[in-house]
Amino acid sequence: MNTQLLHDATFYILYGCIALALFIAIERGLFFAYTRRQAGRLAVALTQREVQQSGRLPAALAERPGLPVTMIEPILAQRGRLDQQALEDLVDTQYLATRAPLARSLWIIETITTAAPLLGLLGTILGIIDTFKALASAGVSDPGQISGGIGTALFATGLGIAVALICVVFHNFFQDRQERINEQLKIVLIRARGAAGAHEQTAQPAEDLSPARLRQA
């Protein structure tokens, strides 16, 4: 078994892990920032009388559909067509459907957080094994060469811990952002449900005053 090759491979894997974590962090950061901004604009728009009466979003929001817009469009499309229970079920379904897009790729950062120190430790062990193999085969008597080999091997552990620390910061940051966005989406869904049920509520008095209802009275 070529321990030197395996030792070098752990470094390449760790470098790949940090590159992947940085890519996911940038992608998730942009996605969360846009989602929070659009959710805030939707929450304000859904309180406007024009939207509550027509059930249609402003053109500026409808033309750039993000996760919040995609989430409430099916609710507004069923305006006045569903009873209260069916509308509640639709709102719950749409909220659950947003969980997967928000959590996408975060499991990779969590996995790197756990795996990076173990990969670093593996690289250190392989490096120490390779150092002692060289000592046994060549009979190295210079202590400086031995300490240099062990120092290089320990660098793998340090790199693994550093990668894990960076990923922990990313993971905790995005978990906090995900919870904040979930709260915003709940507000948007509540207001969208009110806008979708506005037609049914305004139509109820007309039903109570129908000729059949008056004859029964």
Does Arg56 come within less than 4.0 Å of Glu73, counting only side-chain N to carboxylate O?
-> no
Closest non-hydrogen atom pair, Gly29 against Phe174 | N-CE2, 3.6 Å
Near Tyr34 OH, under 6.0 Å, is it more than 12 heavy atoms from other residues, nucleotides or ligands?
-> yes
Taking every heavy atom of Gln38 against every heavy atom of Leu67, the minimum-distance pair comes out as OE1-N, 3.9 Å
Does Arg191 use its side chain to pair, donor to acceptor, with the backbone of Ala43 at less than 3.5 Å?
-> yes
Determine whether Ile24 and Phe170 make a side-chain contact, defined as any pair of heavy atoms from C-beta on separated by less than 4.5 Å.
-> no
Validation row: Gln94, Thr98 side chains within 4.5 angstrom (heavy atoms) | no
Does some side-chain heavy atom of Leu185 sit less than 4.5 Å from a side-chain heavy atom of Leu102?
-> yes
Report yes if the side chains of Arg177 and Arg28 come closer than 4.5 Å at any heavy-atom pair, otherwise no.
-> no
Side chains of Asn182 and Gln178: do they bring a donor and an acceptor to under 3.5 Å?
-> no
What one should report as the nearest heavy-atom pair of Leu76 and Ala192 is CD2-O, 4.0 Å
Leu14 versus Val163, closest heavy-atom pair with distance = O-CG2, 4.2 Å
Got Cys17 and Ile13 here, is their nearest side-chain heavy-atom distance under 4.5 Å?
-> yes
Would you call Ile161 and Leu165 a side-chain contact if the rule is heavy atoms closer than 4.5 Å?
-> yes
In short, Val188 meets Leu46 closest at the heavy-atom pair O-CD1, 3.5 Å
Show the numbers, then the answer: is there a side chain to side chain contact (heavy atoms under 4.5 Å, CB included) between Thr10 and Leu6?
-> CA-CA 6 Å; Thr10 57; Leu6 293 175; 5.8 Å; no
Check for a donor-acceptor pair, side chain of Gln184 on one end and backbone N or O of Ala39 on the other, with a separation under 3.5 Å.
-> no
Given the rule in the side chain to side chain contact (heavy atoms under 4.5 Å, CB included) test, do Asn172 and Val168 qualify, once you have shown the distances and angles that lead to the verdict?
-> CA-CA 6 Å; Asn172 291 339; Val168 164; 3.5 Å; yes
Measure the spacing between CD of Gln84 and CG of Asp89 and express it to the nearest 0.5 Å.
-> 10.5 Å
Does Glu183 pair with Arg180 as a salt bridge, N-O distance under 4.0 Å?
-> no
Measure from NZ or CZ of Arg104 to the centre of the six-membered ring of Phe31, then state whether that distance is under 6.0 Å and the direction lies within 45° of the axis.
-> yes
Atom pair CD1/CG of Ile72 and Leu42 - distance to nearest 0.5 Å = 4.5 Å
Are Leu106 and Leu22 connected, step by step, through hydrophobic side chains (Ile, Leu, Val, Met, Phe, Trp, Tyr) whose heavy atoms are closer than 4.5 Å?
-> yes
Answer yes or no: is there a donor N or O on one side and an acceptor on the other, between the side chain of Thr157 and the main chain of Thr124, under 3.5 Å?
-> no
Please check if Tyr15 and Ile166 belong to a single hydrophobic cluster, counting links between Ile, Leu, Val, Met, Phe, Trp and Tyr side chain heavy atoms closer than 4.5 Å.
-> yes
Co-membership, hydrophobic cluster, residues Ile190 and Leu87, 4.5 Å side-chain | no
Leu20 side, atom CG; Ile109 side, atom CD1 - distance, nearest 0.5 Å = 8.0 Å
Determine whether Phe32 and Val169 fall in the same hydrophobic cluster, where Ile, Leu, Val, Met, Phe, Trp and Tyr are linked whenever their side-chain heavy atoms lie under 4.5 Å apart.
-> no
Roughly how far, to the nearest 0.5 Å, is the OG1 atom of Thr111 from the NE2 atom of His171?
-> 9.0 Å
Can you name the closest pair of heavy atoms from Ala164 and Ala116 and give their distance?
-> N-CB, 4.0 Å
